[in-house]
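For reference, the structure is listed below as structure tokens.
For reference, positions follow the sequence shown, starting with 1. The figures here come from the full heavy-atom set of this structure, side chains too, leaving out hydrogens, waters and symmetry mates.
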Amino acid sequence: EVKVTTGNISSLAGPKDDKKYLQFTAPIQPGNSGGPLINDRGLVVGVNTASLIGDKLQNINFAVKTERLIQFLAKNKQSVGVTAGKEKMEVPDLVERTSPAVVQVLCIGDKN
């Protein structure tokens with residue numbers, strides 16, 4: 001079952017100002033890596049990758065930007081369809097609309 005939580009994008013760059021990432025505030029757990037980061041119109045804006053963990057750290061999470069995902073998929077000869085609604089949606093509507101598109105994808109790298 002798809003699990004959903006809400007938050008905000010807090011930076012357009014990741015650790016060490018890396019522009020390949022977004023920083024966001026939605027709490028995520030170990031195992032959420034690879035899950036989509038979706039905006040309020042249903043567009044995937046990133047893929048969850050990491051969290052900073054520590055006693056004084058809360059909800060400092062990172063996602064690879066969609067542009068990098070599209071580059072990766074194109075390099076591996078995979079097509080991508082990009083669609084999003086024109087209007088903002090409430091969370092239940094976002095879940096209903098996007099859940100069918102959330103699937104596990106396994107990437108098996110070349111050992112060379």
Mark yes or no for whether N39, through its side chain, and R41, through its backbone, hold a donor-acceptor pair below 3.5 Å. yes
Could you tell me whether the side chain of N76 and the main chain of Q78 form a donor-acceptor pair under 3.5 Å? no
What I'd like to find out is whether the side chain of V45 reaches to under 4.5 Å of the side chain of I38, using heavy atoms alone. no
Spacing of OG belonging to S99 relative to CG belonging to L94, to within rounding of 0.5 Å: 9.5 Å
If we ignore hydrogens and angles and just use 3.5 Å, is the side chain of T25 paired with the main-chain N or O of G7 as donor and acceptor? no
Indicate yes or no for a side-chain donor-acceptor contact from T66 to the backbone of G46 under 3.5 Å, with no hydrogens or angles considered. yes
Single-linkage hydrophobic cluster L73~L43, side-chain heavy atoms < 4.5 angstrom: yes
Might you point out which heavy atoms bring A26 and T5 nearest each other, and give the distance in Å? CB-CG2, 3.8 Å
Return the set of residues passing side chain to side chain contact (heavy atoms under 4.5 Å, CB included) with D40 (not counting sequence neighbours), or none when no residue passes. K88
May I ask you to test the V91-T6 pair for a side-chain heavy-atom distance under 4.5 Å? yes
Residues two or more places apart in sequence or in another chain: which of them pass side chain to side chain donor-acceptor pair (under 3.5 Å) with D17? K19
Show the nearest heavy-atom pair for residues V102 and P36, with the distance to one decimal. CG2-CG, 4.0 Å
With a 4.5 Å heavy-atom cut-off, do F24 and N8 have their side chains touching? no
Mind running side chain to side chain contact (heavy atoms under 4.5 Å, CB included) on M89 and R97 for me, showing each step along the way? CA-CA 10 Å; M89 292 183 269; R97 178 178 177 172; 3.6 Å; yes
Taking C-beta and beyond as the side chain, do S11 and L22 meet within less than 4.5 Å on heavy atoms? no
Is there a path of hydrophobic side-chain contacts, each under 4.5 Å between heavy atoms of I/L/V/M/F/W/Y residues, joining V64 to I60? yes
Non-neighbouring partners of D93 that pass salt bridge (Lys or Arg N to Asp or Glu O under 4.0 Å), sequence neighbours left out: none
Any donor and acceptor pair, going by atom type alone, linking the side chain of D18 with main-chain N or O of Y21 inside 3.5 Å? no
